[in-house]
There are 2 protein chains.
Amino acid sequence: MLKEERQHTILNEVELHNRVLLTDLAERLDVSIDTVRRDVKELDGENRLVKVHGGAVSLGFANHSPKRNNVYALDEKITIAKKATSFLKENSVILIDGGTTCQELARLLPTNINLTCFTLSLPVAMELLGKPNVETIFIGGMLSKDSQIAIGSNAIHNLSQIKVDYSFIGTGYVDAGFGLTEFDWDIVQTKKAVIHASKKTVLLCISEKLNSQHRFKTCDLNMIDTMITELEPEHPLLESFKNQDLYLL
Amino acid sequence: MLKEERQHTILNEVELHNRVLLTDLAERLDVSIDTVRRDVKELDGENRLVKVHGGAVSLGFANHSPKRNNVYALDEKITIAKKATSFLKENSVILIDGGTTCQELARLLPTNINLTCFTLSLPVAMELLGKPNVETIFIGGMLSKDSQIAIGSNAIHNLSQIKVDYSFIGTGYVDAGFGLTEFDWDIVQTKKAVIHASKKTVLLCISEKLNSQHRFKTCDLNMIDTMITELEPEHPLLESFKNQDLYLL
DNA sequence: TTGAATTTTGCTGTTTTTTGCAATCTTTTT
DNA sequence: AAAAAGATTGCAAAAAACAGCAAAATTCAA
């Protein structure tokens with residue numbers, strides 16, 4: 001077999017699977033692992049793939065993972081996401097909602113425990129695909145162009161079939177009196193279904209959103225089990241959320 | 001045998017198989033390996049093929065050019081995608097499969113007609129979200145980390161509920177005799193369901209994949225209504241795909 | 001047709017490239 | 001920290017490329 005032919009197949013495999021193991025390639029191409037390693041090294045040098053420990057990944061995949069489109073209030077979101085991971089245990093079944101804070105949680109999910117993760121959000125799903133320890137299930141449905149999540153009756157029906165240990169949700173607006181609200185009716189319906197599909201619901205909410213409200217109501221605060229903000233639970237801004245039958249974290 | 005005749009045969013072989021070994025050529029042409037080597041060197045000088053260590057590859061094969069937009073063989077894929085758009089009409093309901101060629105189709109969907117588009121592929125869905133004229137529905141299910149598409153029983157069940165006008169699918173491998181094959185059993189099951197959910201199935205297939213096969217079979221070629229490659233339908237490489245009860249485009 | 005000049009071809013020995021193996025070092029995982 | 005998986009290096013055998021040469025084939029002018 002020609003070297004060119006071999007490298008061609010390697011590129012094909014990489015493009016197809018996004019990541020490949022050198023051992024698999026060696027077996028498939030019926031050459032020694034050293035030869036494959038040399039080929040991959042060469043292709044890496046030509047920027048046609050990215051060599052990683054034990055294998056190679058496609059350029060698309062390599063460029064995809066560390067993408068961060070929204071760096072707005074990133075630190076706060078990271079703080080929130082880290083707090084949220086404290087709920088996770090080996091084999092937890094969770095659901096992650098859309099929104100940039102939830103995306104951050106997806107990105108920061110621990111790599112040392114196995115998780116099953118449902119999501120309605122395209123960007124979250126993308127993030128999760130990069131995690132070998134996370135089994136990801138996308139809740140299908142009509143896609144909302146601005147929020148990039150699945151909505152509509154199909155999504156809601158699919159949600160009615162599951163019950164996850166924890167769901168981590170975001171919200172457009174939250175108010176101690178009015179509860180969680182959104183600007184979009186369909187999204188409200190979907191979030192309701194998410195909450196219904198969860199044993200415990202955790203709200204990830206940057207403090208900017210506190211004491212704001214909009215048109216359509218998702219639920220009252222007592223439907224939420226825990227609210228996580230980037231603030232200390234004792235922070236004065238959170239005063240009005242105490243004695244609301246929800247934990248602050 | 002005349003030198004000219006020999007070189008003609010060599011070019012033919014290269015065109016047909018994309019790659020040749022000098023030893024094979026020598027045996028087939030019944031001349032010494034040095035003669036073949038000299039012939040190939042000459043043809044290489046004339047830019048009719050590319051000489052490589054131990055053999056030669058076709059120009060197309062060698063032009064698997066280094067990264068452009070992170071996608072290999074982008075030009076070919078664009079050609080294919082453009083051909084595929086000829087099937088679309090106002091309010092068509094279509095399904096777009098995963099894979100880079102299908103992604104290209106998603107990217108090149110016309111913006112002047114309204115479409116309803118189902119997909120199992122995360123990257124395709126991402127692409128479609130940017131199109132105001134396309135209503136996108138994601139078929140939910142377990143996500144395959146490799147191929148970034150939804151697979152599994154849930155996806156298959158969801159597919160069983162729909163019947164689209166056209167589905168545009170890719171395949172890992174295709175062979176005139178064996179039909180469409182894949183490396184992954186789950187993906188095969190999902191693709192079967194896709195074909196079943198379509199009035200017409202269009203296969204998007206870059207010519208490199210022709211005459212290759214793998215472990216698991218998706219379907220025979222007669223299940224496909226149209227096969228689109230970047231080549232002219234009369235191209236010799238497509239010879240074996242004629243008289244197969246499918247249109248070539 | 002003949003015979004010298006030219007080209008083509010196959011062979012030889014030499015150099016280069018490729019490949020697999022073993023020993024050693026490094027990274028990752030537990 | 002130990003164990004396992006992967007990477008690196010050097011080396012030797014095999015395969016291929018190269019250069020030079022002579023025989024064979026082809027061309028061409030007389």
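Order of the sequence lines sets the chain letters (A, B, ...), proteins ahead of strands, with each chain counted from 1.
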A:Leu21 atom CG is separated from D:dA7 atom C1', nearest whole Å, by 15 Å
Problem - Residue-phosphate contact under 4.0 Å: A:Arg38 side-chain N/O, C:dT17 OP1/OP2 - result: no
**Asked** Less than 4.5 Å apart, any side-chain heavy atom of A:Arg37 and any of A:Asp34?
**Response** yes
When rounded to whole Å, the CG to P distance for the pair A:Asp34 and D:dC11 reads 16 Å
Between B:Lys3 and D:dA25, is there a side-chain N or O to OP1/OP2 distance below 4.0 Å? no
In whole angstroms, the gap separating C1' of D:dG6 from NZ of A:Lys41 amounts to 13 Å
Taken to the nearest whole Å, CG/B:Leu25 to C1'/D:dA17 is 16 Å
- Counting any heavy atom closer than 4.0 Å, what does A:Val40 reach on the DNA or RNA strands: base, sugar-phosphate only, or nothing? nothing
Rounded to whole Å, CD1 of A:Ile33 lies from P of C:dA22 at a distance of 15 Å
If the cut-off is 4.0 Å, is B:Arg6 near the phosphate of C:dT9, judged by side-chain N/O to OP1 or OP2? yes
Check: Between the base of C:dG20 and the side chain of A:Arg37, is there a donor-acceptor distance below 3.5 Å?
Finding: no
In whole angstroms, the gap separating C1' of C:dG20 from CG of A:Leu29 amounts to 15 Å
From the candidates C:dG20, D:dT8, D:dA16, the one with an atom nearest any side-chain atom of B:Thr23 is D:dA16
To the nearest angstrom, the CE-P distance between A:Met1 and D:dA14 comes to 22 Å
Result for side chain to side chain donor-acceptor pair (under 3.5 Å) between B:Arg6 and one of B:Asp30, B:Asp39, B:Thr35 points to B:Asp39
> How is B:Leu22 classified with respect to the nucleic acid when contacts are heavy atoms under 4.0 Å: base, sugar-phosphate, or nothing?
Replying inline: sugar-phosphate
Please check: side-chain N/O of A:Lys51 versus main-chain N/O of A:Gly45, any donor-acceptor pairing under 3.5 Å?
no
Q | SB check B:Lys77 A:Glu15 (cutoff 4.0 Å) | A | yes
Testing C:dT28, C:dT9, D:dA17 for proximity to the side chain of A:His53, the answer is C:dT28
Whole-Å distance, A:Asp44 CG to D:dA7 P, equals 12 Å
| task | Could you tell me whether the side chain of B:Glu182 and the main chain of B:Gly172 form a donor-acceptor pair under 3.5 Å? | result | yes
